[in-house]
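The next block holds one structure in the form of structure tokens; read it before the comments.
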2 protein chains.
Amino acid sequence: MTDDDPGRRPLSRDRVLRAAVALADEHGLDAVSMRRLGQGLGVDPMSLYKHVANKDDLLDGMVDLVVGSVEAGDTAVGDAVEGDGGGWKGALRGRVMAARRAMLAHGWAKRVLEAREGASPAVMRHYDAVAGILRAGGFTPDLTHHALHVLGSRLLGFSQELFDDSAALAEGPEVLELHARRMAGQFPHLAEMMLGISHDEATVVGSGCDDQFEFTFAIDLLLDGLERLRDAAPADGH
Amino acid sequence: MTDDDPGRRPLSRDRVLRAAVALADEHGLDAVSMRRLGQGLGVDPMSLYKHVANKDDLLDGMVDLVVGSVEAGDTAVGDAVEGDGGGWKGALRGRVMAARRAMLAHGWAKRVLEAREGASPAVMRHYDAVAGILRAGGFTPDLTHHALHVLGSRLLGFSQELFDDSAALAEGPEVLELHARRMAGQFPHLAEMMLGISHDEATVVGSGCDDQFEFTFAIDLLLDGLERLRDAAPADGH
DNA sequence: ACCTGAACACCGTTCAAGT
DNA sequence: ACCTGAACACCGTTCAAGT
């Protein structure tokens, strides 16, 4: 009977989705079950089906909410890139980095987006905005299309990790080096890479795989490559 | 009591994994449950835990089997690329395309690999082979490392699909065009792209998104970009 | 010591019974 | 007509009881 008795406010799709996002943020995606979600809202699990078609629809709605938040505080501010005066590259980077921030804030969203095959409305709007940036940057519709495919999941701010080395990273560079030496026999080239990294950059923070660096490295390589294609064949994208 | 009574052959990890792969190939990944797998092998579900630590270990073993098959019939044959006499690009394309064939043959593998965070032994061997190709191609360890990250999941032959348009594709180009016109209001740039595509290529097969084309397009753009970086700074990959 | 299957603690969703 | 909760058909895994 208190003021914030959750049973008082009427249920709505938005309230269900926000509760699900909060639940996933706090306890992980696996904690998001119809039963537990209903319990958190002080509602019979079955009542959720009034606002959500099924579990998949719930997950779709959750990512839609997260991706939709990208549009609010997006590229307008600038996200000033070091060496350019805005333009399509800066705008694209801004959009993509905003999406990345949203993804990093909601770690579970990446996993849901990978599992989904159809794009939600907010994702479609995001893609459309990116396409618009490219068109304004002088890309043909055809090359714009290929560009979207090339950028792929990086449009949403994440990339496929090769493998998770965060456990080894957390233990410090000497553990990483030990790890590398141990696998030198089986994976000589990977070991060489790892050892090279831990030698080059003596600072602790830089060793191992720096996700943020690798992400921007990839984006820049892709944008440069696309720009070259645009300039090579301005009339036809193929 | 027949000759091929599955109960006769003793269970082994390999036999369990092969049965799981066959089950996933035939009835989809969701059909792979400990209960159903045990049933298919004529064995108590709990007996599987003698050969497999848990469900995740089972899935790991399954993808390991698939990725491991890539090494058998890999780049040796040549996979001759149009305009070059082999070299690192041809070798890399060959390896990646072999992985792609394996992935296309086992549609569920992509989903499992995306969900996994740690790389299985076969995947590690694959990465190491790719790293070896790059090193032999004159890349520094550092640039080799970044190259692996840039190529990402495409090393294993797949890329993140933006959205699945196979349903619309199957209905033919006129349906695709209708689709595009309907969404022109909300997603003008995406609609323009789709309409441009269906106009350019009148043949039915070519319209919509050609996965194979987009994949090779991306690979070529990435390899060209990496080559340029290699040649720009031969001594230091950064 | 090994194997097995009943049991536990969950799922998403159906559907009939209650209001 | 609407809402609800018991019930269904599954899960992965534990664990104690049987051999």
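Reminder, nothing fancy here: chain letters follow the sequence lines and each chain counts from 1.
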Which whole number of Å gives the distance between the C1' atom of C/dG12 and that of D/dT14?
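Looking at atom C1' only, C/dG12 and D/dT14 are 23 Å apart.
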Quote, to the nearest angstrom, the C1' distance that separates D/dT13 from C/dT13.
23 Å
Below 4.0 Å: OP1/OP2 of D/dC2 and any side-chain N or O of A/Lys50
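No, A/Lys50 has no side-chain N/O under 4.0 Å of OP1/OP2 on D/dC2.
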Check the phosphate of D/dT4 against A/Ser47, side-chain N and O only, distance under 4.0 Å to OP1 or OP2. Yes or no?
yes
Got a list of side-chain donor-acceptor pairs under 3.5 Å for residues 41-53 of chain B, not counting sequence neighbours?
unit_1	atom_1	unit_2	atom_2	d
B/Asp44	OD1	B/Met46	N	2.8
B/Ser47	OG	B/Asp44	O	3.3
B/His51	NE2	B/Leu11	O	3.3

In whole angstrom, give the distance that lies between atom [atom1] of [X] and atom [atom2] of [N].
| X | N | atom1 | atom2 | value |
| --- | --- | --- | --- | --- |
| B/Leu23 | D/dC11 | CG | C1' | 15 Å |
| A/Asp44 | D/dA6 | CG | P | 9 Å |
| B/Gln39 | D/dC11 | CD | C1' | 14 Å |
| B/His51 | C/dC2 | NE2 | P | 13 Å |

Identify whether NZ of Lys or CZ of Arg in B/Arg100 sits under 6.0 Å from the centre of the six-membered ring of B/Phe158 and within 45° of that ring's axis.
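Ring-cation test returns no.
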Where the side chain of B/His126 meets the backbone of B/Leu155, is there a donor-acceptor pair that is under 3.5 Å apart?
yes
Heteroatom pairs (N/O) under 3.5 angstrom, protein to nucleotides 12-15 of chain C:
unit_1	atom_1	unit_2	atom_2	d
C/dG12	OP1	A/Lys55	NZ	2.8
C/dG12	OP2	A/Met34	N	3.1
C/dG12	N7	A/Arg35	NH1	2.4
C/dG12	O6	A/Arg35	NH2	2.9
C/dT13	OP2	A/Tyr49	OH	2.8
C/dT13	OP2	A/Lys55	N	3.0

How does DNA chain D read in dot-bracket, base by base from 5' to 3', with Watson-Crick or G-U pairs under 3.5 Å and | used when the partner is on another strand?
||.|||||...|||||.||
Just jot down the side chain to side chain contact (heavy atoms under 4.5 Å, CB included) partners of A/Val150, sequence neighbours excluded, or say none.
A/Leu222, B/Phe217, B/Ala218, B/Leu221
Suppose we screen for side chain to side chain contact (heavy atoms under 4.5 Å, CB included). Which residues come up paired with B/Asp56, at least two apart in sequence or across chains?
B/Asn54, B/Leu59, B/Arg116
Answer whether the closest heavy-atom distance between the side chains of A/Val21 and A/Arg18 falls below 4.5 Å.
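SC-SC contact between A/Val21 and A/Arg18 ruled out.
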Candidate list B/Asp64, B/Asp57, B/Asp60, test salt bridge (Lys or Arg N to Asp or Glu O under 4.0 Å), partner B/Arg13, passing option:
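Of the listed options, the one satisfying the test is B/Asp57.
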Side-chain donor-acceptor distances from residues 26-37 of chain B under 3.5 Å, at least two apart:
unit_1	atom_1	unit_2	atom_2	d
B/Ser33	OG	B/Arg36	N	3.1

Chi angles and distances behind the ring pair (Phe, Tyr, Trp, His ring centres under 6.0 Å) call for B/Phe215, A/His149
CA-CA 8 Å; B/Phe215 186 83; A/His149 277 282; over 10 Å; no
